[in-house]
Amino acid sequence: MILPRRFHQRDPVTLAKALLGQTLVRVLDDGERLAGRIVEVEAYLGVEDRAAHTCGGRRTVRNQSMWGQAGHAYVYFTYGMHHCMNIVADRPGVPTAVLLRALEPLEGIDTMRRLRSDKIASHRLRDADLCSGPAKLTQAMAIDRTLDGADLTRRGALFLEKAEGVEASRMVVCPRIGVGYAGEWATKPLRFYERGNENVSRKES
DNA sequence: ATGACGATTTACT
DNA sequence: GTAAATCGTCATA
């Protein structure tokens with residue numbers, strides 16, 4: 001079953017926790033299906049959040065997806081070489097989102113490994129190296145700006161299937177990664193991951 | 001038109 | 001641990 005619009009129409013912290021355990025599915029142009037279980041996420045809280053791209057109400061060409069309807073993808077390009085994928089939360093005009101930081105590979109693992117190996121020299125990547133970071137998972141799932149704005153509640157190139165969630169007792173809650181520039185917002189507990197999962201990008205910081 | 005900067009990853013000391 | 005890679009985006013002028 002595909003996760004419905006209503007699932008996404010919540011505040012980003014609630015959505016972030018609910019997304020842990022759910023399945024992200026990517027269908028390639030040739031029909032091959034790649035899938036991963038979401039095991040690490042971060043919530044971005046919108047205009048007040050100094051770490052968010054929509055901080056201060058900024059609305060730009062790049063971040064316009066964050067201002068739109070929940071359940072769509074917000075994919076951005078950064079560091080001149082990497083893509084990161086978010087899931088838009090809340091309602092139109094409230095620009096919040098959840099960043100996907102790590103997946104546990106489920107389907108299409110050989111293709112994921114090829115997509116990752118094409119870019120880097122090292123051969124024989126472990127399964128846990130395929131999707132253990134926000135830009136690694138977009139590489140392994142062939143996600144780029146062409147999928148920005150994609151509706152994740154429809155069976156297309158990218159969508160979310162319902163699976164068993166992760167209980168609060170098995171979640172680690174800690175500060176977000178890589179947002180040291182955001183002042184007091186850098187230390188807020190907005191990162192969530194499944195305790196003990198080997199695919200997580202880093203242990204608690 | 002210009003310049004500074006990343007919601008990162010990888011390789012190397 | 002530190003540094004390089006690499007360029008679209010956005011604020012400033």
Side-chain angles (χ1 to χ4, degrees), chain A residues 11-13 15-17 19-20 24 36 38-68 72-90 94-103 105 112-149 152 172-193 198-205:
Chain A
D11 72 87
V13 171
L15 177 61
K17 295 176 185 174
L19 280 167
L20 289 177
L24 180 69
I38 298 172
V39 298
E40 177 184 350
V41 294
E42 285 177 357
Y44 284 83
L45 274 46
V47 297
E48 58 178 349
D49 182 354
R50 233 177 111 191
H53 291 163
T54 49
C55 165
R58 283 205 301 273
R59 185 169 191 158
T60 65
V61 174
R62 174 173 76 156
N63 72 22
Q64 61 178 327
S65 294
M66 262 186 90
W67 290 86
H72 289 249
Y74 166 44
V75 181
Y76 68 91
F77 183 69
T78 190
Y79 289 103
M81 63 191 93
H82 296 304
H83 293 278
C84 295
M85 175 184 167
N86 297 255
I87 296 172
V88 177
D90 261 309
V94 183
T96 61
V98 176
L99 172 70
L100 301 185
R101 287 196 56 92
L103 305 176
M112 290 185 187
R113 182 171 282 104
R114 180 172 54 71
L115 285 165
R116 291 268 296 130
S117 298
D118 279 354
K119 293 273 186 179
I120 64 178
S122 47
H123 197 248
R124 288 197 174 183
L125 286 164
R126 298 173 309 152
D127 285 5
D129 293 321
L130 296 177
C131 298
S132 56
K136 293 180 186 177
L137 73 89
T138 56
Q139 203 173 53
M141 302 275 281
I143 294 166
D144 62 23
R145 281 282 284 175
T146 64
L147 287 167
D148 179 51
L152 303 171
V172 175
V173 183
C174 62
R176 295 173 293 186
I177 303 291
V179 295
Y181 56 85
E184 63 175 6
W185 283 90
T187 59
K188 291 187 183 293
L190 296 173
R191 176 176 177 233
F192 309 91
Y193 65 87
E198 293 301 311
N199 298 273
V200 165
S201 63
R202 317 184 195 177
K203 300 301 180 187
E204 186 164 6
S205 56

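Nothing here was measured: the structure is a model prediction, and the numbers come from that model.
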Trainee: Quick one: label A/Phe77 by what it contacts on the DNA or RNA (base, sugar-phosphate, nothing), any heavy atom closer than 4.0 Å.
Mentor: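 Result for A/Phe77 = sugar-phosphate.
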Trainee: How would you label the contact of A/Met66 with the nucleic acid (heavy atoms, under 4.0 Å): base, sugar-phosphate, or nothing?
Mentor: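 Here A/Met66 touches the bases of the nucleic acid.
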Trainee: For A/Leu137 and B/dT9, what is the distance between atoms CG and C1' respectively, to the nearest whole Å?
Mentor: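 A/Leu137 atom CG is separated from B/dT9 atom C1' by 13 Å.
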Trainee: Report the distance from atom CE of A/Met81 to atom P of B/dT8, rounded to the nearest whole Å.
Mentor: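 About 12 Å, once rounded to whole Å.
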Trainee: Atom CZ of A/Arg202 and atom C1' of B/dT9: how far apart are they, to the nearest Å?
Mentor: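 Going from CZ in A/Arg202 over to C1' in B/dT9 covers 10 Å.
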Trainee: Under the criterion side chain to side chain contact (heavy atoms under 4.5 Å, CB included), I'd like the reasoning laid out for A/Leu125 against A/Leu130: C-alpha separation, chi angles, the key distance, then a yes or no.
Mentor: CA-CA 7 Å; A/Leu125 286 164; A/Leu130 296 177; 4.2 Å; yes
Trainee: Check whether any side-chain nitrogen or oxygen of A/Arg101 sits under 4.0 Å from OP1 or OP2 of B/dT8, and answer yes or no.
Mentor: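 Answer is yes, contact under 4.0 Å.
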Trainee: Output yes when at least one side-chain N/O atom of A/Arg58 is less than 4.0 Å from OP1 or OP2 of C/dA11, else no.
Mentor: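 So the side-chain polar atoms of A/Arg58 do come within 4.0 Å of the phosphate oxygens OP1 or OP2 of C/dA11, strictly under.
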Trainee: Give the ring-plane orientation class for A/His83 versus A/Phe77, where under 30° counts as parallel, over 60° as perpendicular and anything between as tilted.
Mentor: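 If you compare the ring of A/His83 with that of A/Phe77, the planes turn out tilted.
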Trainee: Give the rounded distance in Å between these two atoms: CZ of A/Phe192 and P of B/dA7.
Mentor: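 Result: 19 Å.
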Trainee: Could you state the NE2-C1' distance from A/His83 to C/dT9, rounded to the nearest angstrom?
Mentor: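 Computing the A/His83:NE2 to C/dT9:C1' distance gives 14 Å.
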Trainee: For A/His53 and C/dT9, what is the distance between atoms NE2 and C1' respectively, to the nearest whole Å?
Mentor: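 Taking atom C1' of C/dT9 as the reference, NE2 of A/His53 is at 10 Å.
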Trainee: Please give, in whole Å, the distance from B/dA7 C1' to A/Tyr74 OH?
Mentor: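 Going from A/Tyr74 (OH) to B/dA7 (C1'), I get 9 Å.
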Trainee: Given B/dT10, is OP1 or OP2 found less than 4.0 Å from the side-chain N or O atoms of A/Arg116?
Mentor: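 Affirmative; the distance criterion is met.
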Trainee: On DNA chain C, does the nearest nucleotide to A/Asn63 precede the nearest nucleotide to A/Gly80 from the 5' side, or the other way round? Give the residue.
Mentor: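 Its nearest nucleotide being more 5', the pick is A/Gly80.
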Trainee: Identify the two heavy atoms, one from A/Pro105 and one from A/Cys131, that lie closest to each other, and give their separation to 0.1 Å.
Mentor: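 Heavy-atom minimum between the residues: CG-SG, 4.2 Å.
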Trainee: Check whether any side-chain heavy atom of A/Val88 lies under 4.5 Å from a side-chain heavy atom of A/Trp67, and answer yes or no.
Mentor: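 The answer is no; the side chains never approach within 4.5 Å.
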Trainee: We want to know whether A/Ser65 and A/Asp148 form a side-chain donor-acceptor pair, criterion being a heavy-atom distance below 3.5 angstrom.
Mentor: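 A/Ser65 vs A/Asp148: donor-acceptor pair found between side chains.
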Trainee: Which nucleotide sits closest to the side chain of A/Thr60: B/dT10, B/dA7, C/dC10?
Mentor: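 Shortest atom-to-atom distance from the side chain points to C/dC10.
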Trainee: Please evaluate residues A/Arg101 and A/Glu42 with respect to the criterion salt bridge (Lys or Arg N to Asp or Glu O under 4.0 Å), reporting the C-alpha separation (whole Å), side-chain torsions for both, the decisive distance (0.1 Å), and the verdict.
Mentor: CA-CA 7 Å; A/Arg101 287 196 56 92; A/Glu42 285 177 357; 3.7 Å; yes
Trainee: Will you find, in the side chains of A/Asp90 and A/Thr96, an N or O donor that is under 3.5 Å from an N or O acceptor?
Mentor: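 Side chains of A/Asp90 and A/Thr96: pair found under 3.5 Å.
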Trainee: Which dot-bracket string describes DNA chain C (Watson-Crick N1-N3 plus N6-O4 or O6-N4, or G-U N1-O2 and O6-N3, all under 3.5 Å; [ ] crossing; | other strand)?
Mentor: |||||.||||||.
Trainee: If you look at every strand shown and take non-hydrogen atoms under 4.0 Å, does A/Ala51 touch a base, only sugar-phosphate, or nothing?
Mentor: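 Contact class for A/Ala51: base.
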Trainee: Considering just the side-chain nitrogens and oxygens of A/Tyr181, establish if one lies under 4.0 Å of OP1 or OP2 belonging to B/dA7.
Mentor: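 The answer is yes; a side-chain N or O of A/Tyr181 sits under 4.0 Å from OP1 or OP2.
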Trainee: How long is the line joining CD1 of A/Ile87 and C1' of B/dA7, in whole Å?
Mentor: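 Going from A/Ile87 (CD1) to B/dA7 (C1'), I get 15 Å.
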